[in-house]
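First the proteins, then the strands, lettered A, B, ... as listed; each starts at 1. As the structure is a computational prediction, the values presented were derived from the model and not from experiment.
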Number of protein chains: 2
Amino acid sequence: MMLETLGPTNPPPHRPALPGLDGVAPQIREAILARGQRNRVPSGQPLYRQGSPARRCYLVASGRLKLVKLHEQGKEAVFRYIGPGEITAVVAVFKEKAYPLTAVAIGDTQVVGWDRPTFMALLREYPELALHLLQVAVERLDEVQTRYLELNAEQVQQRLARALLRIMKHSGRRTPDGILIDFPLSRQELADYTGTTLYTVSRTLSAWEKNGWVASGRERITVTDPHTLVKFSETGETD
Amino acid sequence: MMLETLGPTNPPPHRPALPGLDGVAPQIREAILARGQRNRVPSGQPLYRQGSPARRCYLVASGRLKLVKLHEQGKEAVFRYIGPGEITAVVAVFKEKAYPLTAVAIGDTQVVGWDRPTFMALLREYPELALHLLQVAVERLDEVQTRYLELNAEQVQQRLARALLRIMKHSGRRTPDGILIDFPLSRQELADYTGTTLYTVSRTLSAWEKNGWVASGRERITVTDPHTLVKFSETGETD
DNA sequence: ACGTGTCGTTGCGCCGGCGCAAACAGGCCG
DNA sequence: CGGCCTGTTTGCGCCGGCGCAACGACACGT
């Protein structure tokens, strides 16, 4: 077991041992996975880079990927943290395009990759796959649109609450103290996810810690009072 | 001709008479269109509403739809203006969900609609359709992500420039004075599209009009100096 | 022509949150 | 153990842009 360098990257317990493509019939899934190439990405390394030609798409087998989009003038936006069973870079299947964003490994990560011709063949061979991907794409579109609306209608603190809860639901683990986000997450990264600065995140988390809503340490956050935080994320009001 | 109440809604000249689903083979397209129901939406009326159960998806045959997402506390975000040949509300095909946004007609608009079972059958019958939709979804996802990043990294004026150019490319018409956006577009709508307020839009357009970059009237905008505007939209600098 | 309603413009004051700077905290290595 | 590196905290000043309010401009109906 050499994957343990960064703490537990435990897959949620309900997932299968060889994870992937939830929502596709098992035997088809096996056939599809068999045609891909396994690949290991060390922690912190990019799997693919925004701007470089998109030749392959990937499925996370174990570990976690952070999907970020960079802006010329320095800023960057974090769109998703994806885990086992989730797919990324479907753009690669169409045309000769560039990756629209960058995927970097959070903790040691294993992926399965397909090149364009192979994946195209799979799509034609298994229409179910195309339907599954369409559904995923539509869901993600909805999520980004929701976040766009929030970014332009809500105050920073409200967005930060939503961000914490969203990440918590997707990657949280129950502990005695509350729900722990089980991968290293810095103030800067939360700021990039929320659309603000690390200063504001820091100040806000400090305040919430005084309120007893969260407990936090270096790159480590536990939500101790989810209920109150949910209420705040919906109303934007402390009361 | 009773459609002329709101000015010309001329389809781009290169589109076919019965428009739709660019990118799908013509005979398949005909078969698909034949299975849908035509429907007319008067100017200003909603085709479907955010929050109500999503039972049908639609293709624009003629006219134009504005896709908006509303926020509880009053604000709203405009995501797209779609025209002939473009599809919307693909969510309706999966599960029993609610529409994630509202579509309202800009000018008198004709659409073709399919209910869930019919469209599902079509998807299974014509795998090419699913692939086309997947591609469209991925493209839109990319666009929204791009706009999200801009919203959180760029100043209002820069975003406004990008918005104008984007709408111009998609719905512009050449005139002697420059490129005219050929549907009524108020300051408020531009603000909702850009993520700002009508005040700021008004001030900015006034300034640009002094510079000779645009000419504008009541719900009517012409880009007179696209080149300079493009440069500004990329650098954010006047020089 | 005149009233009315809708949309656009602009002056002004205010504030959320950015961002520099400086100090602090914890993990890691020699 | 002490130094170092990286992440975090907090004080403080500044400013982009919001939003009220008041006015102006244009389109339309009768």
Within a strict 4.5 Å, meaning less than it, do heavy atoms of the A:V201 and A:V156 side chains meet? no
Is any side-chain heavy atom of B:L65 closer than 4.5 Å to a side-chain heavy atom of B:T88? yes
For the residue pair B:F183 and B:Y81, does the interplanar ring angle fall in the parallel (under 30°), tilted (30 to 60°) or perpendicular (over 60°) class? tilted
Contact class for B:S202 (heavy atom, under 4.0 Å): base, sugar-phosphate, or nothing? base
Between which nucleotides of DNA chain C, 5' to 3', does chain B make heavy-atom contacts below 4.0 Å? C:dT6 to C:dC12
How about A:N211 and A:T228: do any of their side-chain heavy atoms sit closer than 4.5 Å? no
Could you measure the distance from the OG1 atom of B:T102 to the CD atom of B:Q50? Nearest 0.5 Å is fine. 5.0 Å
Counting C-beta onward and ignoring hydrogens, is there a side-chain heavy-atom pair between A:P184 and A:E189 closer than 4.5 Å? no
Could you list by number each residue of residues 208-219 of chain A showing a heavy-atom separation from DNA chain D of less than 4.0 Å, or answer none if no residue does? A:R218, A:E219
Is there a donor-acceptor pair under 3.5 Å between the side chain of B:T109 and the backbone N or O of B:G107? yes
Residue pairs passing the salt bridge (Lys or Arg N to Asp or Glu O under 4.0 Å) test where at least one lies in residues 209-219 of chain A, sequence neighbours excluded: none
Nearest-Å distance, CD1 (A:I221) to P (D:dG7)? 14 Å
Quick one: which residue pairs count as a ring pair (Phe, Tyr, Trp, His ring centres under 6.0 Å) with a foot in residues 201-222 of chain B, not counting sequence neighbours? B:W208-B:W213, B:W208-B:F232, B:W213-B:F232
Please state how far atom CD in A:E189 lies from atom P in D:dG7, giving the value in whole angstrom units. 9 Å
Whole-Å gap separating C1' (D:dG7) and CG (A:L185): 13 Å
With sequence neighbours excluded, give me every side chain to side chain donor-acceptor pair (under 3.5 Å) pair touching residues 144-153 of chain A. A:R147-B:Y148, A:Y148-B:R147, A:E150-A:R162, A:E150-A:R166
The helix from C:dA1-D:dT30 to C:dG30-D:dC1: angle between end helix axes, five pairs per end, rounded to 10 degrees: 30°
Residue whose closest nucleotide on DNA chain C lies nearer the 5' end, A:G195 versus B:S186: B:S186
Using atom types as modelled and distance alone, determine if a side-chain donor or acceptor of A:R64 lies under 3.5 Å from a backbone N or O of A:I106. no
